[in-house]
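First the structure, in the form of structure tokens, and then the observations on it.
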Amino acid sequence: MTGLNRQEKEQRIVELREALTRLEAELKKEMEFEQHEAIDHLEEHFKAVEVKLNNLKTFWSTLKSEWRSTNS
């Protein structure tokens, strides 16, 4: 900025602040997008765990039923 007069320096500072504000807004959007992706992935994981839990419950119920019928 050497060689610039005061008004040019002030204008350059304003431009840099505006650019920084735009970059911060872009970064915020990117972070929000990444958070949403992480949440979606977590929801998929929970669904898979829920399916496995339900399968285990069904298996356990069937096993108990078969065991009772075998021991009766």
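Note that these values count all heavy atoms, side chains included, but never hydrogens, waters or copies made by symmetry.
- Contacts classified as salt bridge (Lys or Arg N to Asp or Glu O under 4.0 Å) and involving residues 37-65 (residues at least two apart or in different chains) are not found.
- In terms of the salt bridge (charged side-chain N to carboxylate O under 4.0 Å, His left out) criterion, Glu18 has no residue partners (sequence neighbours excluded).
- The side chain to side chain donor-acceptor pair (under 3.5 Å) with Gln11 is formed by just one residue from the set Glu8, Glu15, Gln7; it is Glu15.
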In a table with atom names and distances, give each donor-acceptor pair under 3.5 Å that connects a side chain of residues 21-33 to protein atoms at least two apart or in another chain.
unit_1	atom_1	unit_2	atom_2	d
Thr21	OG1	Arg17	O	2.9

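- Taking 4.5 Å as the limit, every side-chain heavy atom of Lys9 sits out of range of all side-chain heavy atoms of Asn5.
- Looking at Ser65, its side chain never comes within 3.5 Å of a backbone N or O of Ser61 through a donor-acceptor pair.
- Grouped with Leu42 in one hydrophobic cluster are Phe46, the linkage being side-chain heavy-atom contacts under 4.5 Å among Ile, Leu, Val, Met, Phe, Trp and Tyr residues.
- Under the 4.5 angstrom side-chain criterion for Ile, Leu, Val, Met, Phe, Trp and Tyr, the cluster partners of Leu63 are Leu56, Phe59, Trp60.
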